[in-house]
Amino acid sequence: MATVSYPNAKVVQFINKRMIPLQVRFDAQSIASDFNVKWTPTIITLDYNGREHHRTVGFLAPEELIPSLLLGISKVFFDADMFDDALSNLNKLLSEYPESDSASEAIYLRGVSLYKSTHNAKSLKEAYERLNTIDPKGEWTKRAYPYRLL
Amino acid sequence: MGDIIKWESTMNAALLRARAENKPVLLDFFNPN
């Protein structure tokens with residue numbers, strides 16, 4: 001991460017604009033124990049109260065790191081019932097990084113966010129259909145499978 | 001060369017900035033070895 005992803009200009013711009021970056025040594029601070037971190041790199045998205053909303057373990061290239069962070073930001077808003085803000089970040093992820101590994105979870109979370117903000121179950125079914133089109137055997141397609149019946 | 005990431009080094013400092021700027025925190029654990 002330190003030699004490839006964090007020096008990347010787009011990553012630098014994104015993180016400095018959208019997040020407060022905090023870097024700690026895995027072996028030097030009790031914070032690693034507080035968050036039960038056992039391996040590096042581990043990247044966690046927290047809200048401003050210090051609550052965890054999203055976690056990844058392992059290397060992420062720049063084109064995967066930014067959408068993963070967008071997903072984390074979306075989850076911060078989703079967990080606070082701020083669905084318009086969650087949707088704004090999920091739409092950005094899906095428009096700018098549609099091929100990323102975070103895209104399928106973003107489609108799922110977008111469908112749920114739309115449902116929770118409109119109470120229209122059609123958004124859940126549309127999320128399943130979109131997932132089934134792009135990745136029929138994918139993890140998030142399986143998780144959305146019951147929504148095909150709505 | 002362009003800018004670099006402006007890392008905080010303590011949780012307290014990061015949360016203070018996060019509240020002031022209304023942003024989430026990216027917490028990165030790294031192994032220097």
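Because the structure is predicted, anything quoted here is derived from the model rather than measured. Naming convention: chains lettered A, B, ... in sequence-line order (proteins, then strands); numbering from 1 in each chain.
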Stepwise side-chain hydrogen bond (donor to acceptor under 3.5 Å, both in side chains) check, A/Tyr147 with A/Tyr115
CA-CA 12 Å; A/Tyr147 305 152; A/Tyr115 172 71; over 6 Å; no
At their closest point, which heavy atom of B/Leu15 faces which heavy atom of A/Asn49, and how far apart are they?
CD2-C, 4.3 Å
Less than 4.5 Å to any heavy atom of chain B: does that hold for the side chain of [X], its backbone, both, or neither?
X       : answer
A/Ile43 : both
A/Phe35 : side chain
A/Lys17 : backbone
A/Asn16 : both
A/Leu69 : side chain

When you compare the side chains of A/Asn132 and A/Tyr145, does any donor N or O come within less than 3.5 Å of an acceptor on the partner?
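A/Tyr145 and A/Asn132 do not have a side-chain donor-acceptor pair below 3.5 Å.
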Under a 3.5 Å threshold, yes or no: a donor from one side chain and an acceptor from the other, between A/Asn89 and A/Arg18?
yes
Among the listed options A/Val37, A/Val76, A/Val11, A/Ile73, the residue most often paired with chain B at heavy-atom distances under 4.5 Å
A/Val37
Quick one: does A/Ser88's side chain have a donor or acceptor within less than 3.5 Å of a partner on A/Asp84's backbone?
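A pair under 3.5 Å: no.
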